[in-house]
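Everything quoted here is computed from the prediction, not taken from an experiment.
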Amino acid sequence: MNPVYEKLLKCYESVKARIDFKPEIALILGSGLGDFGETIDVVDTLSYSDIEGFPVSTVPGHKGRYIFGYVNGVPVVCMQGRVHYYEGYPMTDVVLPTRLMKMMGAKVLFLTNASGGLNYDYEAGDFMMITDHIMNFVPSPLIGPNIDEIGLRFPDMSDIYKKDLQDIIRNTAKELNIKLQEGVYIQLTGPNFETPHEVKMCRILGADAAGMSTAAEAVAANHMGMKVCGISCITNLGCGMLDQPLSHEEVQETADRVAVDFKRLITACIINIYNELKK
Ligand code: HPA
């Protein structure tokens with residue numbers, strides 16, 4: 001059997017043995033949303049380290065567990081802590097947790113992250129709905145023998161971030177009176193931030209925000225037939241756009257500053273998406 005699929009099935013068996021919960025929406029929590037768990041009526045949690053063969057995050061502040069529960073009655077599974085490519089994992093491990101959430105039953109993947117704004121119209125603290133992405137600077141998570149059981153060898157990527165979900169997110173932000181930018185996300189390897197010329201290059205390529213996650217997860221989820229949507233928290237402007245160096249502390253500070261609004265927006269979006277999909 002395909003070793004990537006074998007590992008996935010093993011992890012799934014390990015989850016099933018512990019958890020009896022069917023999520024409708026899967027959520028990946030980026031920086032600043034780490035305490036979103038407090039917004040959930042938690043039914044159960046599962047530490048990544050308790051899942052046999054599961055890649056465990058090494059980033060400080062990333063807790064590393066699934067949370068199962070309800071957001072206003074909507075059954076969700078949340079990843080509190082994700083796996084990053086820059087930690088040294090192969091891309092197949094980076095997307096394993098995402099694939100697992102689809103196997104648990106989730107039909108929608110809601111991605112969140114912290115990212116650097118490349119668009120001069122953006123400012124730190126803005127939220128950006130992801131309309132498309134560029135990820136040619138990191139390997140595709142689909143490289144290797146295709147797992148025919150979960151998706152096609154050459155999957156279409158023309159419509160990853162679903163238009164109907166974008167409409168819901170746009171309307172929800174309007175209802176809440178929360179400013180929402182819309183743009184293209186570019187995934188880079190990290191862990192270093194970009195140089196000023198790399199920032200310029202990304203802008204020339206058409207990207208509006210840069211980060212170190214998300215697009216690979218979106219590709220894997222789209223490959224499996226999940227409906228994907230995502231919002232970036234613009235925690236800073238890209239290197240060289242302001243006359244100051246960039247630090248992880250700045251990213252964290254901005255993410256914390258806007259966390260309350262980010263949580264309000266995500267919560268309302270989840271409820272509205274669920275209600276819309278039920279129709
Ligand atoms: N670049 C890449 N990733 C990031 C940034 C950035 O400026 N800010 C937060 N994550």
Side-chain angles (χ1 to χ4, degrees), residues 26-34 36 59 61-62 78-82 84-86 94 98 108-135 137-138 160-163 165-170 172-173 176 178-191 193-194 198-199 202-203 205-219 221-222 228-239 241 246 248 250-270 273:
L27 184 63
I28 302 185
L29 303 174
S31 303
L33 275 177
F36 186 77
V59 182
H62 285 244
C78 263
M79 280 174 61
Q80 196 172 35
R82 55 163 37 107
H84 297 89
Y85 185 57
Y86 62 73
V94 170
T98 302
V108 172
L109 175 64
F110 202 129
L111 292 156
T112 70
N113 61 41
S115 64
L118 308 172
N119 186 322
Y120 274 106
D121 292 338
Y122 292 4
E123 52 187 8
D126 280 353
F127 302 124
M128 183 194 87
M129 178 172 75
I130 304 173
T131 56
D132 199 4
H133 75 227
I134 298 169
M135 64 161 292
F137 294 93
V138 295
I160 302 182
Y161 302 88
K162 293 286 173 280
K163 296 278 187 310
L165 301 186
Q166 289 187 37
D167 288 342
I168 296 168
I169 293 172
R170 190 179 297 114
T172 306
L176 295 177
I178 291 176
K179 178 179 161 196
L180 186 68
Q181 307 279 13
E182 298 187 16
V184 175
Y185 177 89
I186 186 165
Q187 179 171 357
L188 303 165
T189 65
F193 293 116
E194 302 71 44
E198 286 164 351
V199 164
C202 292
R203 193 181 309 113
L205 291 178
D208 298 289
M212 308 172 191
S213 65
T214 302
E217 294 151 348
V219 165
N222 190 56
V228 178
C229 62
I231 303 180
S232 292
C233 174
I234 306 293
T235 51
N236 56 278
L237 289 186
C239 276
M241 292 173 70
L246 181 54
H248 184 60
E250 180 185 345
V251 169
Q252 207 67 51
E253 265 170 36
T254 309
D256 291 345
R257 173 165 65 80
V258 298
V260 171
D261 267 353
F262 206 13
K263 278 183 273 193
R264 277 177 64 222
L265 179 58
I266 303 295
T267 303
C269 285
I270 288 173
I273 287 171

Those residues at least two apart in sequence (or on a different chain) that pass side chain to side chain contact (heavy atoms under 4.5 Å, CB included) with N236 are L246, E250, V251
Checking N113 side chain against G30 main chain: does a donor-acceptor pair fall under 3.5 Å?
no
After noting the C-alpha distance and the side-chain angles of V94 and H84, does the key distance pass the side chain to side chain contact (heavy atoms under 4.5 Å, CB included) rule?
CA-CA 6 Å; V94 170; H84 297 89; over 6 Å; no
Heavy-atom pair with the smallest gap, counting every atom of T235 and A114
CG2-CB, 3.7 Å
Would you give the length of the straight line joining atom CG of N222 to atom OG1 of T98, rounded to the nearest 0.5 angstrom?
12.5 Å
Results of side-chain hydrogen bond (donor to acceptor under 3.5 Å, both in side chains) for D126 - residues two or more places apart only
K179, Q181
Contact summary for M212 and P191, nearest pair of heavy atoms
CE-O, 3.4 Å
d(T214 OG1, I28 CD1) to nearest 0.5 Å is 7.5 Å
Taking ring pair (Phe, Tyr, Trp, His ring centres under 6.0 Å) as the definition, give me every residue that meets it alongside F36, ordered by chain and number, with sequence neighbours left out.
none
Check salt bridge (Lys or Arg N to Asp or Glu O under 4.0 Å) between E253 and all other residues, then give those that pass, not counting sequence neighbours.
none
For A26, which residues count as a side chain to side chain contact (heavy atoms under 4.5 Å, CB included) partner, sequence neighbours excluded?
V77, M101, A106, L109, M226
For the CE atom of M129 and the CG atom of D208, what is their distance to the nearest 0.5 Å?
12.0 Å
Gap between atom NZ of K162 and atom CD1 of I168 - 0.5 Å precision:
13.0 Å
Sorted by chain and residue number, the side-chain hydrogen bond (donor to acceptor under 3.5 Å, both in side chains) partners of D167 (sequence neighbours excluded) come out as R170
Angle class for the H133/Y161 ring planes (parallel below 30°, perpendicular above 60°, tilted otherwise)?
perpendicular
With no hydrogens and no angle check, is any side-chain donor or acceptor of Q187 less than 3.5 Å from a backbone partner on A216?
yes
So which heavy atom on G116 is nearest to which on I234, and how close?
C-CG2, 4.5 Å
So, do L180 and F127 sit near enough that their side-chain heavy atoms are less than 4.5 Å apart?
yes
Quick one: side-chain hydrogen bond (donor to acceptor under 3.5 Å, both in side chains) partners of Y85, sequence neighbours excluded?
none
Is the side chain of S115 donor-acceptor paired with the backbone N or O of G211 at a distance under 3.5 Å, no angle test?
no
When you measure from the side chain of T131 to the backbone N and O of G183, does any donor-acceptor pair fall under 3.5 Å?
yes
Full working for side chain to side chain contact (heavy atoms under 4.5 Å, CB included) between L118 and I186
CA-CA 10 Å; L118 308 172; I186 186 165; 4.1 Å; yes
E217 meets the side-chain hydrogen bond (donor to acceptor under 3.5 Å, both in side chains) criterion, sequence neighbours left out, with R82
In Å, rounded to the nearest 0.5 Å, how long is the span from CG of L265 to CD1 of I270?
10.0 Å
For E198, what residues pass the side chain to side chain contact (heavy atoms under 4.5 Å, CB included) criterion, not counting sequence neighbours?
E194, T195
In Å, rounded to the nearest 0.5 Å, how long is the span from OG1 of T112 to CD1 of I231?
8.5 Å
Is a side-chain N or O of Y185 found less than 3.5 angstrom from the main chain of S213, in a donor-acceptor match?
yes
Least distance between heavy atoms, A210 atom then L188 atom
CB-CD1, 4.1 Å
Residues which pass salt bridge (Lys or Arg N to Asp or Glu O under 4.0 Å) with D261, listed by chain and number, not counting sequence neighbours
R264
Those residues at least two apart in sequence (or on a different chain) that pass ring pair (Phe, Tyr, Trp, His ring centres under 6.0 Å) with F110 are none
Between V184 and I134, does a side chain to side chain contact (heavy atoms under 4.5 Å, CB included) hold up when you go through it step by step?
CA-CA 7 Å; V184 175; I134 298 169; 4.1 Å; yes
What residues form a ring pair (Phe, Tyr, Trp, His ring centres under 6.0 Å) with F193, not counting sequence neighbours?
none
What one should report as the nearest heavy-atom pair of A124 and T254 is C-CG2, 4.1 Å
Go through the steps to decide whether C233 and V258 satisfy the test side chain to side chain contact (heavy atoms under 4.5 Å, CB included), and finish with yes or no.
CA-CA 8 Å; C233 174; V258 298; 3.5 Å; yes
